[in-house]
2 protein chains.
Amino acid sequence: MADDAEEMGRKPRADAQRNRGRLLAAAKQAFAEKGVGVSLEEIARTAGLGIGTLYRHFPTRDALVEEVYRHETSQLATAAERLAAELPPVEALREWMLLFVDYLATKLIMAEALGAMVSGREELHAASGTMIKAAIATLAERAAESGAIRLSIAPLDLLRAVFGVSNASAGPGWEENAKRLVDILIAGMRVPPQG
Amino acid sequence: MADDAEEMGRKPRADAQRNRGRLLAAAKQAFAEKGVGVSLEEIARTAGLGIGTLYRHFPTRDALVEEVYRHETSQLATAAERLAAELPPVEALREWMLLFVDYLATKLIMAEALGAMVSGREELHAASGTMIKAAIATLAERAAESGAIRLSIAPLDLLRAVFGVSNASAGPGWEENAKRLVDILIAGMRVPPQG
DNA sequence: TTTAAATACGGAGGCACCCTCCGTTTACAA
DNA sequence: TTGTAAACGGAGGGTGCCTCCGTATTTAAA
């Protein structure tokens, strides 16, 4: 019944666990308030810890970001499963992409992280990135297999395109535009009714 | 015949002119080799000048970038005019977007700059940004006026989407994908024949 | 409890970069 | 030739990144 503690050989010292939590909390708030570019020193200070401690727990800035956003990301993955089960393939794909836009909009904090994972350097944010990629790939491929759309580009590129529109775009209407883009993309991929 | 020296009240001192040129040359090469993030100190050193001189000529990193890329950008603007004159509206729009992809691909050096100008902080790269925006806006609006497509998103968002796919995307096939995305976008905006 | 090994902590220190400020040098016009 | 506006250069102060290692704490064995 020791399923909670996924495979970990040793036992982390109590103080280490506590401090890890403090760092994550401080980081989450700092990222939200100032973006993923905040000074790591500031995060450590906010957590009441030394910079060395931060670096021991999270050797790179991205390791920290990864940890902070893993939870949020998994919500997107969960939604993908639900949509796939409840809706016809193309609709599921469309809805999930719209949800993706919502995530970029609502949790502006996530935009940078999602962006980084969607656009390049895949090594970073490995875990979250894998979830997202799996979600969009599955949905897109199911939609393609249903015959309703033709998948002429890599599924992840759909998200890249959507992210491109959201990315720091100044205009207050970007969310609207991003959602319209989703529909343009779906329409552009649709197979014409009479072959 | 004094058309070369666009309106400038005073006369810049000879050494100032020469050094400005050196800085631009050094910057162009450095940007090409190491991206727009290079140390400005290194650029100044390469140009055989002091860091203070660089900052006097180009108060911000972006002022320097702007200057370096203004020429390249104007080529895109010129191409837009030519295509608009030679091709039917939708084709002109499509071709120019493909050309945009080529620019991102060929002059990888430009990708960062074009990206920055296309995605947000419009104040930076003002001059180049204006050119690009004017080009896509004109082409897109002409295509929409022809009745062949429906322009449901901001023209610039088309470029944002394309840029999103190109943006640091690791895969070697990104250029292909970006071009296919252009066709998906065009197809997605096309007005159905018997609307 | 005592004790010693294992582990974690903290922050000084070295490095890189940014940008400013101002004393020195230079170009050029009178 | 000479006075001065303009340009130069780099030291200096600030911030951030990351490493390293002496000190402090926890844990478990005796």
Side-chain angles (χ1 to χ4, degrees), chain A residues 2 5 7-27 29-68 112-113 116 121 123-125, chain B residues 2 5 7-27 29-68 112-113 116 121 123-125:
Chain A
E7 82 286 345
M8 41 176 64
R10 314 302 180 65
K11 55 180 169 184
R13 243 170 65 172
D15 53 345
Q17 264 175 293
R18 172 171 33 82
N19 287 339
R20 182 187 174 84
R22 284 187 187 166
L23 285 168
L24 283 173
Q29 181 171 357
F31 289 158
E33 287 174 4
K34 312 194 177 181
V36 267
V38 232
S39 154
L40 296 184
E41 253 133 33
E42 177 178 334
I43 291 180
R45 217 179 312 126
T46 303
L49 298 170
I51 184 64
T53 302
L54 185 153
Y55 273 94
R56 194 162 343 85
H57 282 289
F58 308 99
T60 68
R61 158 174 254 109
D62 288 289
L64 182 53
V65 174
E66 169 77 22
E67 213 41 46
V68 168
E112 289 177 82
R121 48 256 183 233
E123 292 72 36
L124 318 178
H125 314 301
Chain B
E7 83 287 346
M8 41 177 63
R10 314 304 179 67
K11 53 179 170 182
R13 244 171 64 172
D15 54 344
Q17 263 175 295
R18 173 168 33 82
N19 287 339
R20 183 188 174 82
R22 285 187 186 165
L23 285 168
L24 283 173
Q29 181 171 358
F31 288 161
E33 287 174 5
K34 314 192 177 184
V36 268
V38 233
S39 154
L40 296 184
E41 254 134 35
E42 177 178 333
I43 290 179
R45 218 180 312 125
T46 302
L49 298 169
I51 184 65
T53 301
L54 185 153
Y55 271 95
R56 194 160 348 82
H57 281 290
F58 307 99
T60 68
R61 158 174 254 108
D62 288 290
L64 182 53
V65 174
E66 170 75 22
E67 215 39 47
V68 168
E112 290 176 82
R121 48 251 182 238
E123 291 71 35
L124 317 178
H125 314 299

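Below, chains carry the letters A, B, ... as their sequence lines are ordered, and counting in each starts from 1.
Taking the side chain as every heavy atom from C-beta outward, B:L24 and B:L64 approach each other to under 4.5 Å. Considering only heavy atoms from C-beta on, B:Y55 stays 4.5 Å or farther from B:T60 through its side chain. Residues B:L49 and B:L54 are not in side-chain contact: their nearest non-hydrogen atoms beyond the backbone lie 4.5 Å or more apart. Looking at heavy atoms from C-beta onward, A:F31 lies in side-chain contact with A:I43 at the 4.5 angstrom threshold. Taking 4.5 Å as the limit, some side-chain heavy atom of B:R20 sits within range of a side-chain heavy atom of B:E67.
The phosphate of C:dA8 has neither OP1 nor OP2 within less than 4.0 Å of any side-chain N or O from A:H57. Within the 4.0 Å cut-off from OP1 or OP2 of D:dA7, not a single side-chain nitrogen or oxygen of B:T53 is found. Regarding contacts with the backbone of D:dA7, every side-chain N or O of B:N19 stays at 4.0 angstrom or more from both OP1 and OP2.
For the pair B:Q17 CD and D:dA6 P, the computed distance is 15 Å after rounding to whole Å. If you measure from atom CZ of B:F58 to atom C1' of C:dC19, you get 16 Å, rounded to the nearest angstrom. Distance CZ (B:R20) to P (D:dA6): 17 Å, rounded to an integer number of Å. Across the protein-nucleic acid pair, A:L54 atom CG and C:dC9 atom P stand 11 Å apart, rounded to whole Å. Computed from coordinates, the B:I43 CD1 to C:dC19 C1' distance equals 15 Å when rounded to whole Å.
Residue B:A44 is classed as having no contact, given no heavy-atom separation below 4.0 Å to the nucleic acid.
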- Produce a footprint string for nucleotides 12-24 of chain D: one letter per nucleotide, 5' end first; B if the base is under 4.0 Å from any protein heavy atom, S if only the sugar-phosphate is, - if neither. ----SBBB-----
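Judged by distance alone, the side chain of A:R61 and the main-chain N or O of A:V36 form a donor-acceptor pair under 3.5 Å.
Between B:R18 and A:D15, it is A:D15 whose nearest contact on DNA chain C lies nearer the 5' terminus.
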